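Each chain gets a letter, A, B and so on, in the order the sequences are listed, and its residues count up from 1. A quick note: this is a predicted structure, and the numbers were derived from the prediction, not measured.
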There are 2 protein chains.
Amino acid sequence: MPRNPEANQKIRQERKERILAGALELFVRNGLSGTKISEVARKTNMSDGLVYHYFSSKEELFITLVEGALNRIIEACERLESMDLEPHKQIKYAITELVKGIRSNPSACLYHALVFQAAICENIPGKAKKNIQKNHVKPYEAITRIISNGQKLGTIRKGNPEDLSFFFWNTINGLAIHQAMYGKSAQSPQLESVYPIFLIQMESKSNVRHKWIRGS
Amino acid sequence: MPRNPEANQKIRQERKERILAGALELFVRNGLSGTKISEVARKTNMSDGLVYHYFSSKEELFITLVEGALNRIIEACERLESMDLEPHKQIKYAITELVKGIRSNPSACLYHALVFQAAICENIPGKAKKNIQKNHVKPYEAITRIISNGQKLGTIRKGNPEDLSFFFWNTINGLAIHQAMYGKSAQSPQLESVYPIFLIQMESKSNVRHKWIRGS
DNA sequence: GTCTATATCCAGATAGAC
DNA sequence: GTCTATCTGGATATAGAC
């Protein structure tokens, strides 16, 4: 095939995505320094050199993934808060969609797990670290606000909103990591049934149409 | 000081413990492959060579720590189950003691975090991996049994016992990691108040005398 | 755009002096 | 028991051919 700038662009895009997808899984399973570029290459059926053709370093790869993961979650929270729903329904919606995403979309749980891991880790690239420091509290704050609102309306259970939010994300992250580790093989906890019990007052089920998190 | 086998033994013991303590923190923060022996040495004011004098490899160090952490938790569970308490009081006791340990004892939360991290990680030494595979479900099973018992007696809330156990440990681990990351600086979630609400029926507070987890 | 070969560096581990 | 000097393997990253 002759030089075709457009086709080249397509290839570049596809390669980048394949590399990112492969690296995401390896980073989650083995950590930043435990992941070798050669593994990423083998996993994506490329040569080491080709990976470096698309990403200048292992760190850049990591930074890109962390940024993507954070954006994904933060944007979802913004969309959630801008929805015209009562607070307790927002919580219910968030739980439903998050759990659904984690269950059905393999990369969704990897994104959650990556951010969680990166937040723990000390020796990650400065750029990723700053990004995390600046942004990883946003989802916590969003849920805290929603819970506060719900408590004022009397539709969400009592308790320190920050603690409940911590509790909320803690469980989501735990589920994501559990799913990332054992996948579909193990039976996964039925958190849908647990959440409403402790967090919100019960109410009848409602159907929601549009997607909350993009790209699932 | 002349050769004194007894004093030597003391020194050996003290050195080993210092190395283990330093490595524990680094492993939790940076992962296995992200932790360098030179860092462990610097942190404990020893030379690289001296660390190798006490532990033949970085992996041995890691294996030792994982084993210790698992034992700590598993023994605590055995002690818990052998206690002559009603199930819901066993749960209450476990929560109280675990949270107390995580809050007051810096190394307690590191142990929890280490096992959690090691369970996620793919590229850990085979011996540690087998140990984890064989043992890390035990605490889950113990809590599952207690919850089952409590449900039969009607003192613990309904729900799949395995899910509730997952939920239980998930939150404990989350708290431990949170504490390991931010320490006392950040205000830590008041999980004592959250737990009883979702897990067990309320009952009056009771004082317990003896230690549940050794070495705290 | 893709591959192979290779330079470079760094961390794990050892040897031997004190 | 402790340190310094050193060997060695392996991983990051680059150069250049196709």
Side-chain angles (χ1 to χ4, degrees), chain A residues 1-20 22-23 26-27 29-65 121-128, chain B residues 1-20 22-27 29-65 121-128:
Chain A
M1 55 185 87
R3 309 205 179 106
N4 180 340
E6 203 173 298
N8 276 349
Q9 182 57 25
K10 260 255 154 72
I11 289 180
R12 287 185 65 82
Q13 187 63 18
E14 188 272 344
R15 291 283 185 274
K16 279 200 162 196
E17 278 167 15
R18 264 213 348 246
I19 293 170
L20 285 168
L26 289 168
F27 281 142
R29 278 179 165 41
N30 298 332
L32 171 60
S33 44
T35 300
K36 295 160 220 158
I37 289 291
S38 61
E39 289 174 324
V40 177
R42 194 160 41 77
K43 196 181 171 73
T44 54
N45 294 315
M46 301 187 198
S47 65
D48 292 21
L50 193 51
V51 174
Y52 280 104
H53 180 69
Y54 288 104
F55 293 90
S56 66
S57 70
K58 191 170 75 163
E59 306 214 324
E60 194 205 326
L61 202 41
F62 188 80
I63 291 167
T64 307
L65 280 169
C121 212
E122 206 91 303
N123 60 357
I124 62 174
K127 203 170 171 183
Chain B
M1 60 185 89
R3 310 204 181 108
N4 180 338
E6 204 172 297
N8 276 348
Q9 181 57 24
K10 261 253 153 76
I11 289 180
R12 287 185 63 82
Q13 187 64 19
E14 189 272 344
R15 292 283 184 275
K16 279 200 160 194
E17 278 166 15
R18 267 216 343 249
I19 294 171
L20 285 169
L24 174 59
E25 192 169 340
L26 289 167
F27 281 143
R29 276 178 166 40
N30 298 331
L32 172 60
S33 44
T35 300
K36 295 160 221 160
I37 288 290
S38 60
E39 289 175 323
V40 176
R42 194 160 38 79
K43 196 180 172 75
T44 53
N45 295 315
M46 301 186 198
S47 65
D48 293 21
L50 192 51
V51 174
Y52 279 104
H53 180 69
Y54 288 105
F55 293 91
S56 64
S57 69
K58 189 169 78 162
E59 307 213 325
E60 194 205 327
L61 202 41
F62 188 80
I63 291 167
T64 306
L65 280 168
C121 212
E122 206 90 304
N123 60 358
I124 61 173
K127 203 170 171 184

Closest listed nucleotide, where the reference is the side chain of [X] and the choices are [options]:
| X | options | value |
| --- | --- | --- |
| B/Leu50 | D/dT14, D/dC3, C/dT2 | D/dC3 |
| B/Tyr52 | C/dT14, D/dA13, D/dG1 | C/dT14 |
| A/Ser57 | C/dA13, C/dG1, D/dA13 | D/dA13 |

Rounded to whole angstroms, how far apart are [atom1] on [X] and [atom2] on [N]?
| X | N | atom1 | atom2 | result |
| --- | --- | --- | --- | --- |
| A/Ile37 | C/dT6 | CD1 | P | 21 Å |
| B/Lys10 | D/dG1 | NZ | P | 15 Å |
| A/Lys58 | D/dA13 | NZ | P | 8 Å |
| B/Phe55 | C/dA11 | CZ | P | 21 Å |
| B/Glu60 | C/dA13 | CD | C1' | 13 Å |
| B/Asp48 | D/dG1 | CG | C1' | 16 Å |
| B/Gln9 | D/dG1 | CD | C1' | 13 Å |
| B/Lys36 | C/dC10 | NZ | C1' | 9 Å |

- Answer yes or no: does a side-chain N or O of A/His53 lie under 4.0 Å from OP1 or OP2 of C/dT2?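 No.
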- Task: Look at the side-chain N and O atoms of A/Arg15 and state whether any lies under 4.0 Å from the OP1 or OP2 oxygen of C/dG1.
- Result: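 The answer is no; no side-chain N or O of A/Arg15 sits under 4.0 Å from OP1 or OP2.
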- Could you pull out the closest heavy-atom pair between A/Asn30 and B/Ser33, with the gap in Å?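 Smallest interatomic distance, heavy atoms only, reads O-OG, 4.3 Å.
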- Query: Nearest 0.5 Å, what's the CZ-CD1 distance between B/Arg15 and B/Ile19?
  - Reply: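 Reported to 0.5 Å precision, the distance equals 8.5 Å.
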- Atom pair NZ/NE2 of B/Lys16 and B/His53 - distance to nearest 0.5 Å: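 If we round to the nearest 0.5 Å, B/Lys16:NZ and B/His53:NE2 are 9.5 Å apart.
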- Would you indicate what B/Ser33 reaches in the nucleic acid, counting non-hydrogen atoms under 4.0 angstrom: base, sugar-phosphate, or nothing?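 No contact.
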- Message: Base, sugar-phosphate or nothing for B/Tyr54? Non-hydrogen atoms, less than 4.0 Å.
- Response: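 The residue B/Tyr54 makes sugar-phosphate contact but no base contact.
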- Message: Using a 6.0 Å cut-off, check whether atom CD of A/Glu6 has over 12 heavy atoms from anything other than its own residue.
- Response: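 Not more than 12 within 6.0 Å, no.
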- Item | Residue closer to the 5' end of DNA chain D, B/Arg12 versus B/Gly49 (nearest nucleotide) |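 Taking each residue's closest nucleotide, the earlier one in sequence belongs to B/Arg12.
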- Item | Any donor-acceptor N or O pair under 3.5 Å, side chains A/Gln13, A/Glu17 |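 Yes, because at least one side-chain N or O of A/Gln13 sits under 3.5 Å from a partner of the opposite role on A/Glu17.
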